[in-house]
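In what follows, residues are counted from 1 in the order of the sequence shown.
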Amino acid sequence: VLAFSVDASQNATFAGVINAPAQPSFHAYINSNPTNVTGDATVYTLACNTELYDQNADYNTTTFTFTFPSAGVYQIETSVFVGGVLSGHVRGFIRAVMSNYSAYLWNGSPYAVVNGDAQGVLAGSLLVNADASDTLTVTLDIRNSTKVVDLFGPASQTYIAVHKLS
């Protein structure tokens with residue numbers, strides 16, 4: 001809805017909000033605490049199986065895949081709350097895996113991020129130029145030690161969100 005007003009000098013001013021209810025946008029999260037998902041270079045697809053919202057029904061909570069409904073620039077963001085991180089877990093990646101390329105959302109040392117309880121949040125954001133029908137999954141890969149890294153849900157802890165910007 002656009003709302004304009006005109007003052008006494010005939011100057012038009014914008015006074016409203018643009019509402020785009022079909023604009024692609026979703027937020028999905030892991031509603032459990034999966035254990036031992038990575039740590040030995042196992043590539044784990046973030047199993048965000050519960051939607052907080054999905055304005056255009058573009059995210060699949062069974063395959064954990066977002067299908068870009070139209071070409072444009074999108075923002076991808078993720079937050080992954082990890083636990084059980086050991087001192088050997090010095091390499092890790094969160095990747096946006098798209099049908100035509102992959103890019104890092106986070107790249108670093110999980111051990112350098114965690115607190116004294118071996119827990120911490122790995123987070124990142126990325127702008128991508130996508131074509132209609134491209135697909136996206138987000139993966140976590142922590143390496144250099146054993147497969148003991150756990151994830152924590154729900155919505156505010158381990159999630160993926162995508163929003164179309166233009």
Query raised in the report: Going by atom types only, do Ser125 and Gln75 share a side-chain donor-acceptor pair under 3.5 Å?
Result: yes

**Report entry** Distance in Å, Phe26 CZ paired with Lys164 NZ, rounded so as to fall on 0.5 Å steps
**Finding:** 15.0 Å

Query raised in the report: Heavy-atom distance under 4.5 Å between the side chains of Leu165 and Leu127, does that happen here?
Result: yes

Query raised in the report: Do Leu46 and Val80 have side-chain heavy atoms sitting under 4.5 Å apart?
Result: yes

Query raised in the report: Looking just at side-chain N and O atoms, do Asn107 and Arg95 make a donor-acceptor pair shorter than 3.5 Å?
Result: no

Report task. Give the intermediate values and the outcome of side chain to side chain contact (heavy atoms under 4.5 Å, CB included) for residues Val113 and Val121. Result -> CA-CA 7 Å; Val113 174; Val121 174; 5.8 Å; no

Query raised in the report: So how far is it from Leu151 CG to Gln119 CD, rounded to the nearest 0.5 Å?
Result: 11.5 Å

Query raised in the report: Is the closest side-chain heavy-atom distance between Thr146 and Asp40 below 4.5 Å?
Result: no

Query raised in the report: Does the ring centre of Tyr104 sit less than 6.0 Å away from the ring centre of Phe93?
Result: yes

Query raised in the report: If you round to the nearest 0.5 Å, how far is CG of Asp141 from OG1 of Thr45?
Result: 11.0 Å

Report task. Could you check Val37 against Thr42 for side chain to side chain contact (heavy atoms under 4.5 Å, CB included), going step by step and ending with a plain yes or no? Result -> CA-CA 7 Å; Val37 298; Thr42 297; over 6 Å; no

Query raised in the report: Given side chains that start at C-beta, do those of Val149 and Asn36 come closer than 4.5 Å, heavy atoms only?
Result: no

Query raised in the report: Taking Thr137 as the fixed residue, which of Ile160, Val97, Asn60 is the one that meets the side-chain contact (heavy atoms from CB on, under 4.5 Å) rule?
Result: Val97

Query raised in the report: What is the distance from atom OG of Ser79 to atom CZ of Phe152, rounded to the nearest 0.5 Å?
Result: 12.5 Å

Report task. Would you name the heavy atoms of Trp106 and Ala123 that are closest together and state the gap between them? Result -> CD1-O, 3.4 Å

Query - Donor + acceptor pair across side chains of Asn31, Asn49 (<3.5 Å) - result: yes

Query raised in the report: Do Ile76 and Leu105 have side-chain heavy atoms sitting under 4.5 Å apart?
Result: yes

Query raised in the report: Is any side-chain heavy atom of Val43 closer than 4.5 Å to a side-chain heavy atom of Thr38?
Result: no

Requested in this report: Flag the pair Tyr101 / Val128 as yes when at least one side-chain heavy-atom distance between them is below 4.5 Å, and no otherwise.
Outcome: yes

Requested in this report: Mind checking the CD-OH spacing from Glu51 to Tyr29? Nearest 0.5 Å is all I need.
Outcome: 10.0 Å

**Report entry** Note, Phe68 side chain near Ser99 side chain (heavy atom, < 4.5 Å)
**Finding:** no

Requested in this report: Grab the two heavy atoms, one from Phe64 and one from Thr61, that are nearest each other, plus how far apart they are.
Outcome: CE2-O, 3.1 Å

Requested in this report: Measure centre to centre between the rings of His27 and Tyr159, then say whether the value is under 6.0 Å.
Outcome: yes

Query raised in the report: CG/Asp134 to OG/Ser70 distance, rounded to the nearest 0.5 angstrom?
Result: 11.0 Å

Query raised in the report: Can you list the steps and then say if Val138 with Ile94 is a side chain to side chain contact (heavy atoms under 4.5 Å, CB included)?
Result: CA-CA 7 Å; Val138 176; Ile94 300 174; 3.6 Å; yes

Requested in this report: Could you tell me which non-hydrogen atom of Pro110 sits nearest to which non-hydrogen atom of Gly92, and how far apart they are?
Outcome: CD-N, 3.7 Å

